[in-house]
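Start at 1 and go down the list; that is how both ligands and their atoms are numbered.
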Amino acid sequence: MKILIINGPNLNMLGAREKEIYGETTLADMNNDIANFAKEYGIETVFYQSNIEGELCGAIQQVKSTYGADGIVLNAGAYTHYSHAIGDALGSVKVPKVEVHISNVHARENFRHLSVLADNCNGVICGFGADSYKLACLAIKGILDRG
Ligand code: DQA
């Protein structure tokens with residue numbers, strides 16, 4: 001079982017960006033932590049990050065062809081709140097998909113309360129830092145295991 005973990009704009013700045021919200025861990029260290037956790041459950045992980053909307057659509061479309069993955073964990077950053085292109089890309093692939101956020105977007109500014117991606121995902125997990133991604137991996141494993 002393999003899961004593609006996609007991070008969108010500004011998540012490459014983790015560890016440097018608004019540390020009081022997103023913590024001190026870099027994206028590379030967080031990904032390493034998630035990969036080690038997932039491995040314990042027999043889940044292989046592959047990671048992709050881009051600041052560019054079209055590239056994120058491409059990665060989603062290529063979940064099987066390029067990444068050979070069975071599911072997607074996506075933190076689309078601010079695109080979550082307005083990118084119908086990414087929403088459509090999610091709608092075009094038939095694998096389990098979970099939207100995640102490091103912060104609790106519902107406890108923040110109003111514009112962060114809306115997701116235009118969630119309706120094309122199996123579920124949403126937010127507010128648990130790196131654990132949001134780990135929980136999402138387990139959620140996808142549950143869906144795949146149940147068949
Ligand atoms: C975020 C929340 C978004 O609102 C924000 O634009 C981000 C990060 C999160 O992980 O908490 O870039 O997706």
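- For Ser132 (side chain) and His101 (main-chain N/O), a donor-acceptor pair under 3.5 Å exists by modelled atom type.
- Taking the six-membered ring where tryptophan is involved, the planes of His106 and His113 are tilted, since the angle between them lies from 30° to 60°.
- The closest donor-acceptor contact from the side chain of Asp70 to the backbone of Lys2 lies under 3.5 Å.
- Annotation for Leu27 and Gln49: closest pair CD2-CG, 3.7 Å, computed over non-hydrogen atoms.
- More than 12 heavy atoms of other shown residues, nucleotides or ligands fall within 6.0 angstrom of atom CZ in Phe37.
- Checking side-chain atoms of Lys141 against main-chain N and O of Ile43 turns up no donor-acceptor pair under 3.5 Å.
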For ligand 1, list every N/O pair with the protein closer than 3.5 Å, one pair per line with the distance.
residue: ligand 1; atom: 4 (O); partner: His81; partner atom: NE2; Å: 2.7
residue: ligand 1; atom: 4 (O); partner: Arg112; partner atom: NH1; Å: 2.9
residue: ligand 1; atom: 6 (O); partner: Ala78; partner atom: N; Å: 3.1
residue: ligand 1; atom: 6 (O); partner: Arg112; partner atom: NH1; Å: 3.1
residue: ligand 1; atom: 10 (O); partner: Asn75; partner atom: ND2; Å: 2.8
residue: ligand 1; atom: 10 (O); partner: Ile102; partner atom: N; Å: 2.8
residue: ligand 1; atom: 11 (O); partner: Ile102; partner atom: N; Å: 3.3
residue: ligand 1; atom: 11 (O); partner: Ser103; partner atom: N; Å: 2.9
residue: ligand 1; atom: 11 (O); partner: Ser103; partner atom: OG; Å: 2.6
residue: ligand 1; atom: 12 (O); partner: Arg17; partner atom: NH1; Å: 3.2
residue: ligand 1; atom: 12 (O); partner: Arg17; partner atom: NH2; Å: 3.1
residue: ligand 1; atom: 13 (O); partner: Asn75; partner atom: OD1; Å: 2.8
residue: ligand 1; atom: 13 (O); partner: His101; partner atom: ND1; Å: 2.7

